[in-house]
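Data block below; observations after.
Chain identifiers are assigned alphabetically (A, B, ...) following the order of the sequence lines, protein sequences preceding nucleic acid strands; residue numbering begins at 1 within each chain.
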2 protein chains.
Amino acid sequence: MARVTGDGTVGKALEVLDQVAAFGRPVRFSELLAQSAFPKPTLYRFVQTLTNQQMLAYDPDRQTYSPGVRLVRLAHAAWDQTTLAPVARRHIDALSKIVGETVHLAQLDHAQVLYIDKRNAGQPVEMYSQAGKVGPAYCTGVGKVMLAFLDSDAADNVIEQQSFHVFTEHTLDSADALRAELNDIRENGYGFDREEHEPGIICVAMPILSDTGRVLGALSVTSTTSRTNLAGLEAFVPVLQDTADKIKRDAQNWSFPDHTSKETTRI
Amino acid sequence: MARVTGDGTVGKALEVLDQVAAFGRPVRFSELLAQSAFPKPTLYRFVQTLTNQQMLAYDPDRQTYSPGVRLVRLAHAAWDQTTLAPVARRHIDALSKIVGETVHLAQLDHAQVLYIDKRNAGQPVEMYSQAGKVGPAYCTGVGKVMLAFLDSDAADNVIEQQSFHVFTEHTLDSADALRAELNDIRENGYGFDREEHEPGIICVAMPILSDTGRVLGALSVTSTTSRTNLAGLEAFVPVLQDTADKIKRDAQNWSFPDHTSKETTRI
DNA sequence: AAACTGGTTTCATTATTTGAAACTTAGTTT
DNA sequence: AAACTAAGTTTCAAATAATGAAACCAGTTT
């Protein structure tokens with residue numbers, strides 16, 4: 001019988017790590033145990049191991065576990081090497097200046113949208129508090145445009161995992177409704193969020209596709225129904241397209257500076 | 001014979017993850033193999049597992065691995081729940097406004113200094129590019145003040161792992177020199193970086209200690225020898241102390257808002 | 001003091017990891 | 001095109017590590 005987790009011991013340990021992170025607050029061992037599939041000593045050892053490895057942090061005063069600092073270090077590397085953020089940075093700066101609205105850069109993680117960067121028109125950026133956040137794929141602009149351009153196996157797989165929780169009266173509430181919408185998006189090359197996630201919040205979203213057609217990520221410009229409407233947002237499509245093209249191009253040419261002997265450098 | 005890694009299979013897998021992250025750029029399997037202690041099939045399986053788990057990302061076009069996006073999501077949770085950043089935010093904002101110099105907030109990760117937040121006097125913040133960076137503990141202000149207040153077993157362990165690479169003519173170049181310095185710091189309650197890491201760069205650093213005496217992190221105010229000197233920086237000690245106390249207090253009272261039914265929320 | 005709760009350890013059983021060797025591509029060279 | 005090479009992948013028996021029922025050890029509560 002195939003295990004849910006797969007990937008042996010390492011997969012199980014990472015499952016525990018996710019479980020802790022999902023709590024959103026420091027948790028006690030017993031709380032984890034209560035909702036864990038693992039027997040007590042097994043879970044105990046995983047938690048011990050992860051704590052040793054600084055993947056979890058243990059607060060002896062409160063006797064709680066939370067995600068460890070080692071993750072912050074690793075994520076810095078991930079953000080820098082794997083995400084579109086470093087290549088896209090200057091392009092979304094420019095985009096946000098032109099459109100004067102909030103701009104998001106996102107990628108897919110499992111079946112969710114992972115926000116990688118954000119420009120809050122005008123405001124200085126508060127990065128870490130935003131990047132790393134996840135959102136639903138089926139009811140966000142960036143989510144839908146990315147789904148629309150996945151190959152159909154991958155798309156099916158992701159669609160299957162959507163919750164179709166109804167946030168507003170415009171939320172797409174079924175796989176069929178979503179598939180229809182994805183067809184439209186494929187036709188147009190871009191998509192909207194029509195107050196599907198939060199009332200009064202609308203956006204235009206544009207996929208970032210590689211030359212070979214792989215989905216690299218997505219961009220969106222967000223606004224409110226009090227300031228504009230879908231037609232108003234649609235006017236941004238050319239500049240969004242242009243920005244997406246530039247990011248695509250840079251992402252493909254990007255080659256990492258070879259700092260072979262990297263002694264730790266000044267922050 | 002005790003393994004270096006310890007922590008069984010999970011520890012080994014995480015060692016591989018670190019190895020990939022340390023490269024600072026996408027790497028091929030063969031590059032990893034060349035510098036790995038693991039035999040080919042073992043390393044191969046670890047890389048496979050980690051990729052399945054999205055802890056690594058595989059680029060099929062270039063046939064390279066890099067740290068995966070799952071880390072970004074996990075780190076968001078870590079930054080939010082485990083680090084001092086969210087509690088310290090308003091205090092370091094205030095501090096940076098008062099002193100008008102660059103302010104750092106750091107914690108220890110393994111034997112290194114991990115920068116958690118930063119205020120770049122005046123400039124708008126560019127967070128992600130900075131938070132997550134690591135630096136040496138033996139030649140930075142924040143590193144030394146944290147070491148000084150660790151209990152002696154932990155300190156010994158960390159000191160043992162320092163490279164004592166000589167960056168400038170003022171860099172402490174031995175465990176003995178460092179230990180002497182740590183004694184002074186323990187006496188005073190704060191410490192300096194006397195151009196030990198980079199010529200012309202100096203700082204005052206203050207540990208953030210819990211009521212029970214545990215090291216929670218450290219704060220520093222950084223400047224240049226062209227703008228001020230150690231005596232000038234020492235004038236900031238009272239306000240640094242005050243800020244550290246406030247962060248300590250808030251960290252201890254901090255209780256996480258209980259969003260039990262956390263549907264994904266807007267970014 | 002007995003019962004309970006939350007956390008930790010033991011140890012024989014079981015399942016997983018391990019790695020030498022063999023194999024498969026894909027790319028070069030003769 | 002055959003022979004060589006390098007990089008990546010699979011096999012399989014032996015070695016090792018993970019597993020979890022049960023027992024144990026604090027503190028607390030009844």
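One finds a salt bridge joining B:Arg214 and A:Asp61 here, because a Lys/Arg side-chain nitrogen approaches an Asp/Glu carboxylate oxygen to under 4.0 Å. Electrostatic pairing of B:Arg70 and A:Asp109 does not count as a salt bridge here, judged by no charged N lying under 4.0 Å from a carboxylate O. Using a cutoff of 4.0 Å between basic side-chain nitrogens and carboxylate oxygens, B:Asp156 and B:Arg179 are scored as salt-bridged. Ion pairing between a basic and an acidic side chain is recognised when a charged N comes within 4.0 Å of a carboxylate O; A:Asp7 and A:Lys12 show no such pairing.
Rounding to whole angstrom units, OH of residue B:Tyr58 and C1' of D:dA7 are separated by 11 Å. With rounding to whole Å, A:Leu33 atom CG is found 12 Å from C:dT5 atom C1'. One can place CZ of B:Phe38 at 20 Å from P of D:dA15, the figure rounded to the nearest angstrom. Whole-Å rounding puts the B:Phe29 CZ to D:dA6 P distance at 16 Å. Atom-to-atom, CZ of A:Arg62 to P of C:dG7 comes out at 16 Å; the value is rounded to the nearest Å. The distance between atom CD of B:Gln48 and atom P of D:dT9, rounded to the nearest whole Å, is 6 Å. A straight line from CZ of A:Phe46 to C1' of D:dT19 spans 9 Å, rounded to a whole angstrom. Look at OH on B:Tyr65: it is 14 Å from P on D:dA7, rounded to the nearest Å.
Here the CD1 atom belonging to B:Ile116 is positioned 9.5 Å from the OG1 atom belonging to B:Thr82, to the nearest 0.5 angstrom.
Residues forming a ring-ring contact (aromatic ring centres under 6.0 Å, His included) with B:Phe29 (at least two apart in sequence, or on another chain): B:Tyr44.
For A:Gln81 and B:Arg25, the side-chain atoms include no donor-acceptor pair closer than 3.5 Å.
Listed nucleotides: C:dT18, D:dT19, C:dG19. Nearest to the side chain of B:Lys12: C:dT18. For B:Thr9, the listed nucleotide lying nearest its side chain is D:dA18; candidates were C:dG19, C:dT8, D:dA18.
Across the interface with DNA chain C, nearest-nucleotide mapping of A:Ser30 and B:Pro39 shows A:Ser30 to be the residue nearer the 5′ end.
Distances shorter than 4.0 Å separate some side-chain N or O of B:Arg28 from OP1 or OP2 on D:dG8. Side-chain nitrogen and oxygen atoms of B:Tyr44 include none within less than 4.0 Å of the OP1 or OP2 phosphate oxygen of D:dG8.
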Quick one, give me the B/S/- string for nucleotides 22-30 of chain D, reading 5' to 3', where B means a protein heavy atom under 4.0 Å from the base and S means that only happens at the primed atoms, P, OP1 or OP2.
B--------
